[in-house]
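First comes the structure, then the notes that go with it.
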Amino acid sequence: RAKAKGEGSIEIFDPSMNAQALARFHMDADLRRALERNEFVLHYQPVVGLRTGRIEGFEALVRWRHPERGMVPPLEFIPLAEETGLIVPLGKWVLEEACRQAGEWRRKFPTGQPRLMNVNISARQFQHRDLIHTVLGALHAADLEPGSLKLEITESIMMRDPEASLEAMKVFRSMDIHLVVDDFGTGYSSLGYLKRFPVDTLKIDKSFVEGIGRDPESSAIVAAVISLARSLGMRVTAEGIETQEQMQHLQRLHCDQGQGYHFSRPLPPEAAEALLAQDPRWPGSSFSQ
Ligand code: C2E
Ligand code: MG
Ligand code: MG
Ligand code: MG
């Protein structure tokens with residue numbers, strides 16, 4: 001055994017590394033099979049207007065309905081899919097399914113302003129040159145207007161190659177597709193770029209929303225992001241709203257939209273549809289007209 005122990009020694013051989021690589025290899029094969037067998041499902045979390053208390057859209061969130069393990073959350077497979085490249089076909093399926101669902105709901109529950117469908121886009125997907133075609137294909141197949149789709153891209157993905165991101169974003173915007181900076185506040189946006197990016201919404205990360213009323217730093221960051229968005233002509237969505245107090249605080253700051261367990265957890269399609277049919281108006285929105 002080449003494994004040395006003790007002070008100043010170096011681990012030359014780590015047997016757990018093989019086990020890990022093997023586990024990842026199996027997991028990758030499982031994921032590919034899952035995609036072929038249609039084991040992925042989308043859950044939908046309402047995006048609520050903080051003024052009106054009404055559903056203004058949904059965020060599509062992928063889950064893996066595993067035959068033995070039950071519902072597997074995205075953070076347990078998205079990072080590996082991203083590494084192996086499987087995220088490209090998986091992300092394509094997510095776009096197609098989210099657009100199909102949005103089109104169906106649009107016809108079943110028509111409104112003047114379309115409700116937006118938010119779809120998360122990973123780094124690898126965003127860099128892939130076919131993304132635009134994939135998005136257009138998904139919209140076309142679903143018979144959905146581009147203005148109903150909102151792509152969520154994290155701050156860190158946008159800043160990885162800001163010039164290339166800017167070009168890609170301009171193409172989406174020219175097609176009337178909306179763009180959101182997801183998890184805003186957790187990355188390192190240059191304000192110079194932020195101003196140039198044709199994004200219409202900043203989504204405040206839930207880690208800051210969580211701290212509202214508890215630690216002064218989070219409250220200050222939330223207020224600063226909202227006023228930054230205002231001055232850049234962007235809208236603001238807060239994610240991870242779990243309490244009435246957090247919601248009211250955000251309303252006082254004139255945050256546009258909110259998402260979180262306080263309103264609803266991400267729901268399976270049938271439950272989301274039942275909610276839409278009910279067209280709820282969440283109470284307690286002290287700013288409602
Ligand atoms: P995200 O895009 O920032 O999504 C928000 C996450 O917060 C979701 O977790 C959602 O279920 C959760 N959440 C919503 N409201 C609350 C709340 O009030 N409290 C708390 N504690 N959490 C709340 P989920 O569904 O597990 O997704 C995690 C992440 O996985 C997402 O973060 C996103 O980055 C990624 N993801 C999910 N679906 C997709 C997808 O289709 N494609 C890609 N590329 N990534 C996805
Ligand atoms: Mg998101
Ligand atoms: Mg987010
Ligand atoms: Mg987040």
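Remember, it's 1-based here, ligands and their atoms both numbered in the order they're listed. Computed from heavy atoms alone, side chains included, the values below leave out hydrogens, waters and symmetry copies.
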Is [X] reaching over with its side chain to a backbone N or O of [Y], donor-acceptor style, under 3.5 angstrom?
| X | Y | result |
| --- | --- | --- |
| Gln251 | Leu50 | yes |
| Glu39 | Trp64 | no |
| Arg230 | His254 | yes |
| Gln246 | Thr243 | yes |
| Asp205 | Phe208 | no |

Relative to [atom], which among [options] owns the nearest non-hydrogen atom?
| atom | options | result |
| --- | --- | --- |
| atom 23 (C) of ligand 1 | Trp93, Tyr261, Phe263 | Tyr261 |
| atom 11 (O) of ligand 1 | Pro73, Ser122, Ala60, Pro266 | Pro266 |
| atom 15 (N) of ligand 1 | Gln45, Arg63, Arg124, Gln259 | Gln45 |

Candidate list Arg265, Lys203, Lys150, Arg115, test salt bridge (charged side-chain N to carboxylate O under 4.0 Å, His left out), partner Glu59, passing option:
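When salt bridge (charged side-chain N to carboxylate O under 4.0 Å, His left out) is applied between Glu59 and each of Arg265, Lys203, Lys150, Arg115, only Lys203 qualifies.
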
Check the orientation of Phe40 and Trp93. Use parallel for under 30°, tilted for 30 to 60°, and perpendicular for over 60°.
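It falls in the tilted class, 30° to 60°.
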
Which label fits Phe58 and Trp105: parallel for a plane angle under 30°, tilted from 30 to 60°, or perpendicular past 60°?
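Tilted: the ring planes of Phe58 and Trp105 meet at 30° to 60°.
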
Kindly confirm whether the Mg ion (ligand 3) is within less than 2.8 Å of some N/O/S atom in Asp205?
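Here the distance criterion (N, O or S atom, under 2.8 Å) is not met by Asp205, so no.
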
So that I can tick it off, tell me whether [Y] and [X] are bridged by a salt bridge, with the cut-off set at under 4.0 angstrom between side-chain N and carboxylate O.
| X | Y | value |
| --- | --- | --- |
| Arg33 | Glu36 | no |
| Arg100 | Glu96 | no |
| Arg54 | Asp279 | yes |
| Arg32 | Asp28 | yes |

Hey, is [X] touching ligand 1 through its side chain, its backbone, both or neither, going by heavy atoms under 4.0 Å?
| X | result |
| --- | --- |
| Lys206 | side chain |
| Asp182 | side chain |
| Ile241 | backbone |
| Thr154 | neither |
| Glu59 | side chain |
| Val62 | both |

Subset of ligand 1 atoms that lie under 4.0 Å from at least one heavy atom of [X]:
| X | result |
| --- | --- |
| Leu75 | 28 (C), 29 (C), 30 (O) |
| Val94 | 41 (O) |
| Gly260 | 15 (N), 18 (O) |
| Glu242 | 17 (C), 18 (O), 19 (N), 20 (C), 21 (N) |
| Glu239 | 3 (O), 5 (C) |

Could you tell me if any non-hydrogen atom of Gly91 lies under 4.0 Å from any atom of ligand 1?
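The answer is no, since Gly91 has no heavy atom less than 4.0 Å from ligand 1.
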
Which N, O or S atom name in Asp182 marks its closest approach to the Mg ion (ligand 2)?
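Result: OD2.
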
Looking only at N, O or S atoms in Asp183, which is nearest to the Mg ion (ligand 3)?
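Minimum-distance N/O/S atom of Asp183 relative to the Mg ion (ligand 3) is OD1.
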
Any idea which N/O/S atom from Glu239 gets closest to the Mg ion (ligand 3)?
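Closest to the Mg ion (ligand 3) among those atoms: OE1.
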
Please find out if the Mg ion (ligand 2) and some N, O or S atom of Glu152 are separated by less than 2.8 Å.
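Yes, Glu152 qualifies, because one of its backbone or side-chain N, O or S atoms lies under 2.8 Å.
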
Could you grab the angle centred on the Mg ion (ligand 2), going from OD1 in Asn120 to OE2 in Glu59, to 10°?
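Answer comes to 90°, rounded to 10°.
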
Would you find more than 12 non-hydrogen atoms of other residues, nucleotides or ligands less than 6.0 Å from His133 atom NE2?
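Open.
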
